[in-house]
Amino acid sequence: MESATAEEYLEVIYKLSREEAVRPSKIASALGVAAPTVTSQLKRLEAKGLLTRPHGRVKLTGEGEARALSVVRSHRLSERFLTDVLGIPVDEAHDEACKWEHALSPRVQQALEEFLQMPDVCPHGHPIPAADGTVGTVHGHQLTDSLPGDAVRVVQVAEDDDALLSYLTSLGLLPGTVLRVVDVAPFHGPLLVEVGGSQYALGREVAAQIVVVGVSV
């Protein structure tokens, strides 16, 4: 069994690889550690056959990805339990789940999944990997791609940014929320959205972290 630190590296590498080529500097930034620390840990994980480093990039091996997915599975199932059963606020569940994700065996993962009635996504709308390593897809588009007058439902928000999660929670912009795009400022300006009768201006950087689907109202 890998240490919690090693598992955190595998998890971060997996998540980063969903969006872009992974380089050590990106890992260091995501984990908030110094570059030499990352280099040292990557060497250990490479020696164990969990990743490779072709041309300065970092890629998980099949075994490395399987272990990363197990950590992600534990984390997102824990978040569902914390929010759905214990009533922990969505913006606080991520940090709490980080304390659980390294402790759940595959047997406990399965039992928790069955207890929760087989949820597909975590409270932030991200797919929960299945026991066999398959990962579902969340369909939708970034809120920044919406047009004035569009009615949309939030299906996913960023899960790793505590400050952003707290902000979105304060506005009620969580999965399941229906909102209307009132206006989109030109030249990459903010979006004005209406949520529950209140209007908020969202910067493009924030709106890009919200995935939505169109709805009829």
Side-chain hydrophobic cluster, 4.5 Å single linkage: members besides Val213: Val121, Val138, Val155, Val211

Other cluster members, Met118 - Ile/Leu/Val/Met/Phe/Trp/Tyr, side-chain contacts below 4.5 Å: none

Steps toward side-chain contact (heavy atoms from CB on, under 4.5 Å) verdict (Ile13, Leu42): CA-CA 10 Å; Ile13 294 166; Leu42 292 180; 4.0 Å; yes

Hphob cluster co-occupancy, Leu45 + Val58, side-chain heavy atoms under 4.5 angstrom: yes

Interatomic distance, Leu50 atom CG to Leu60 atom CG [nearest 0.5 angstrom]: 8.0 Å

Polar side-chain atom of Ser170 near backbone of Tyr167 as donor-acceptor pair, under 3.5 Å: yes

Under 3.5 Å side-chain donor-acceptor pair for His94 and Glu159: no

Extract all donor-acceptor atom pairs below 3.5 Å that involve side chains of residues 171-197 and protein atoms in other chains or at least two apart in sequence.
residue: Thr177; atom: OG1; partner: Gly172; partner atom: O; Å: 2.7
residue: Thr177; atom: OG1; partner: Leu174; partner atom: O; Å: 3.0
residue: Arg180; atom: NH2; partner: Glu194; partner atom: OE1; Å: 2.6

Val135 and Tyr14, any side-chain heavy atoms less than 4.5 Å apart: yes

Residue pairs fulfilling side chain to side chain donor-acceptor pair (under 3.5 Å) with at least one residue in residues 104-116, sequence neighbours excluded: Ser70-Gln109, Arg73-Gln109, Arg73-Glu113, Ser74-Gln109, Gln110-Glu114

Donor-acceptor contact below 3.5 Å, side chain Ser166 vs main chain Ala163: no

Residues forming a ring-ring contact (aromatic ring centres under 6.0 Å, His included) with His126, sequence neighbours excluded: none

Straight-line distance of Gln209 CD to Leu168 CG, nearest 0.5 Å: 9.0 Å

For Asp161, all residues meeting salt bridge (charged side-chain N to carboxylate O under 4.0 Å, His left out), sequence neighbours excluded: none

Residue from Arg76, Arg80, Glu79 passing side chain to side chain contact (heavy atoms under 4.5 Å, CB included) with Pro119: Arg80

Residues, nucleotides or ligands: over 12 heavy atoms within 6.0 Å of Gln117 CD: no

Contacts of Arg53 that satisfy side chain to side chain donor-acceptor pair (under 3.5 Å) - sequence neighbours left out: Glu46

Cluster companions of Leu112 among Ile, Leu, Val, Met, Phe, Trp, Tyr (side-chain spacing under 4.5 Å): Leu77, Phe81, Leu82, Val85, Leu86, Ile88, Trp100, Leu104, Val108, Phe115, Leu116, Ile128

Rounded distance (nearest 0.5 Å) linking atom CD of Gln41 with atom CG of Leu51: 9.0 Å

CD on Glu65 to CG on Leu10, rounded to 0.5 Å: 10.5 Å

Listed pairs under 3.5 Å, donor-acceptor, residues 142-152 side chains, sequence neighbours left out:
residue: Gln142; atom: NE2; partner: Ala208; partner atom: O; Å: 3.2
residue: Ser146; atom: OG; partner: His141; partner atom: NE2; Å: 3.3
residue: Ser146; atom: OG; partner: Leu143; partner atom: O; Å: 3.3
residue: Asp150; atom: OD2; partner: Leu147; partner atom: N; Å: 2.8

For residues 23-36, dump all side-chain donor-acceptor pairs below 3.5 Å to protein atoms at least two apart in sequence or in another chain.
none

Side chains of Asp160 and Lys15 in contact at under 4.5 Å (non-hydrogen atoms): yes

Reported OG1-to-CD distance for the pair Thr83 and Glu96, which is rounded to 0.5 angstrom: 12.0 Å

Side chain to side chain donor-acceptor pair (under 3.5 Å) partners of Gln199, counting only residues at least two apart: none

Side chain to side chain, Val212 and Arg153, heavy atoms closer than 4.5 Å: no

Pairs meeting criterion side chain to side chain donor-acceptor pair (under 3.5 Å) with involvement of residues 54-63, two or more places apart: Glu63-Arg67

His75 backbone acceptor or donor facing Glu101 side chain under 3.5 Å: no

